[in-house]
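These values consider heavy atoms only, across backbone and side chains, with no hydrogens, waters or symmetry-generated copies. Given the structure is predicted, the values throughout are model-derived calculations rather than measurements.
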Amino acid sequence: IKTMLSFLSTCVLLFLIIFTVIIIIRYYFVLKLPRKGLFVESKKWVEHTIISEDQQKSILALYPQKKSIDIKQYLPVFLLSIGAILLIVGLFLFYASNWKYMSATFKSTQVFALILIFYGMSFYILNYTTYKAFGRAFLLLGMLSFGLAIALIAQIFHISAHDSTGTLIWLISTITMSWLMKEKWGYYISLALLALWALQNIIHFNNPALLYLAFCGLLFYLFYTQKC
């Protein structure tokens, strides 16, 4: 239990760090940098008499400087994501306390049912209702529950494998579901899992694995094409 709680705590910490970095990058590169570049370029246009100063002011007026980023637009996603993580922790603690009283068949059935319920709810809400935020929350729950399922199945059937193997499987499934459902926050979870997988390999093998570079390239491509 302590090992799994440490693992989940690491995931929460990575999520918070990545979330903060994303907001900072978005503020600088999306809000501040483009207008700054336009100001520099338009100044050159004025110097070369391509446009007048009045025209420059008119152009810059179309792109007003935003002094701060609106945190409120990220708050629902942030709270839903934290809630999803805490729900997964609660489910794990429930199963951990009652695990020895369940049969192997009953355990594995519940694990797969949990994933299907989360993904099924996500599919229904995203496609047949207007509550998109809740649909995305269930999708993220499905991604997180998949990692929980890997740990539980390994414990049920006493599968002997390195910790990084489970993380790699979890990473691949998360990237796949994010691509199929076009869920950008799933890519952020994938990024956290990629960092965790590399960290596990460095700690245990003193080697981040060359496959890490391939996943970095894949995530960079997905982030670019999905405009995350």
Can you name the nearest heavy-atom pair linking Ser145 to Leu114, along with the distance?
CB-CD2, 4.1 Å

Ser164: what forms a side chain to side chain donor-acceptor pair (under 3.5 Å) with it, not counting sequence neighbours?
His162

Closest non-hydrogen contact found for Thr167 with Leu193 is CG2-O, 3.7 Å

Just to verify, what does Tyr128 make a side-chain contact (heavy atoms from CB on, under 4.5 Å) with, not counting sequence neighbours?
Phe123, Tyr124

Report the residues that fulfil side-chain contact (heavy atoms from CB on, under 4.5 Å) with Ser103, sequence neighbours left out, ordered by chain and then residue number.
Thr105, Phe106

Closest contact, heavy atoms only, Glu53 versus Val46
CG-CG1, 3.8 Å

Measure across Ser122 and Leu139 and return the closest heavy-atom pair with its distance rounded to 0.1 Å.
OG-CB, 3.2 Å

Please work out which of the three classes, parallel, tilted or perpendicular, describes the rings of Tyr224 and Phe220, given edges at 30° and 60°.
parallel

Sequence-distant partners of Ile172, side-chain contact (heavy atoms from CB on, under 4.5 Å), two or more places apart
Leu168, Thr176, Phe215

Look up atom CG in Leu222 and atom OH in Tyr187, then write down how far apart they are to the nearest 0.5 Å.
4.5 Å

Rounded to the nearest 0.5 Å, how far does CG of Leu116 lie from CZ of Phe112?
9.0 Å

By side-chain contact (heavy atoms from CB on, under 4.5 Å) - contacts of Ile169 (at least two apart)
Phe146, Ile150, Thr165

CG of Leu218 to CG of Leu194: how many Å apart, nearest 0.5 Å?
9.5 Å

Quick check: does any side chain N or O of Trp170 sit under 3.5 Å from a backbone N or O of Leu148, one acting as donor and the other as acceptor?
no

